[in-house]
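All residue numbers in this chain count up from 1 along the given sequence.
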Amino acid sequence: MSRSGVLPAGLWPSRTMRRCVLEPLSPGKRWLVAGLGNPGLPSTRHSVGMAVLGQLARRLGVAESWVRDARCAADLALAPLGDAQLVLLRPRRLMNANGRSVARAAELFGLTAEEVYLVHDELDKPLGKVALKLGGSARGHNGVRSCISCLNSSAMPRLRVGIGRPAHRSAVEAYVLGCFSPEEQELLPSLLDGATDLLLAHIRARSQEPSPSP
């Protein structure tokens, strides 16, 4: 890990990006996984959801397959997961407008809110802790709030990635927009692995459930 407060380049997407349009593969169970964050600030605490998505892409062997899709202002990658397909999405809009990219991608791929996973930072959990939350309120997270508004639903499962909370409320904005400390960076590889394990286990279990009758 770098001691400069910035994650090594391998943990973040390359700045070289193909520009083209991804189309869905054959019909089947499909899930959209969106890593919330700020595209211009990839190594900050607020963008840890994007870091998890990068680890997920590496785990699924599609880390070099990202394409920029102008229709939803996002980077997309498609990955098989058993008989299912994952649509990985990194919005190219700021956190407060992430929902516009997520909702447009869900529309393009014919997905409901229940089939959209949001991966985002969580102030109320210490660094190193992750949890899945099935729907509910945004709990003050602007990216989640944007997704709820644009999808007109709060049913999306959320992978909440703990980043801890500063001692003073007035320091929250600077804290989330700041980079991880050198000590925190030591925890990040295991955090990203654990978050990816939890997410994949949940999606695999849901993919094995019988489809509801029409």
Worksheet entry | Test item: side-chain donor near acceptor, T196 and R59, under 3.5 Å | no
Practice prompt. Would you kindly confirm whether M50 and L94 end up in one hydrophobic cluster when ILVMFWY residues are joined by side chain heavy atoms under 4.5 Å apart?
Written response: no
Item to complete: Measure the acute angle between the ring planes of Y117 and H202, then classify it against the limits of 30° and 60° as parallel, tilted or perpendicular.
Response: perpendicular
Worksheet item: Do M156 and E114 have side chains that get closer than 4.5 Å, going by heavy atoms?
Response: no
Worksheet item: Side chains of M95 and N38: does their closest heavy-atom pair fall under 4.5 Å?
Response: yes
Worksheet item: Side-chain contact, heavy-atom cut-off 4.5 Å: H141 with D121?
Response: yes
Worksheet item: Under a 4.5 Å cut-off applied to non-hydrogen side-chain atoms, are L123 and Y175 in contact?
Response: yes
Worksheet item: Using 4.0 Å as the upper bound for N to carboxylate O, is an ion pair formed by R104 and E107?
Response: yes
Discussion item. With heavy-atom distances below 4.5 Å as the criterion, would you say the side chains of K29 and D83 are in contact?
Written reply: no
Worksheet item: Is the shortest heavy-atom distance from the side chain of R206 to the side chain of P157 under 4.5 Å?
Response: yes
Item to complete: Inspect the contact between E184 and R45 and indicate whether a charged nitrogen and a carboxylate oxygen are less than 4.0 angstrom apart.
Response: yes
Practice prompt. Check whether any side-chain heavy atom of V144 sits under 4.5 Å from a side-chain heavy atom of R139, and report yes or no.
Written response: no
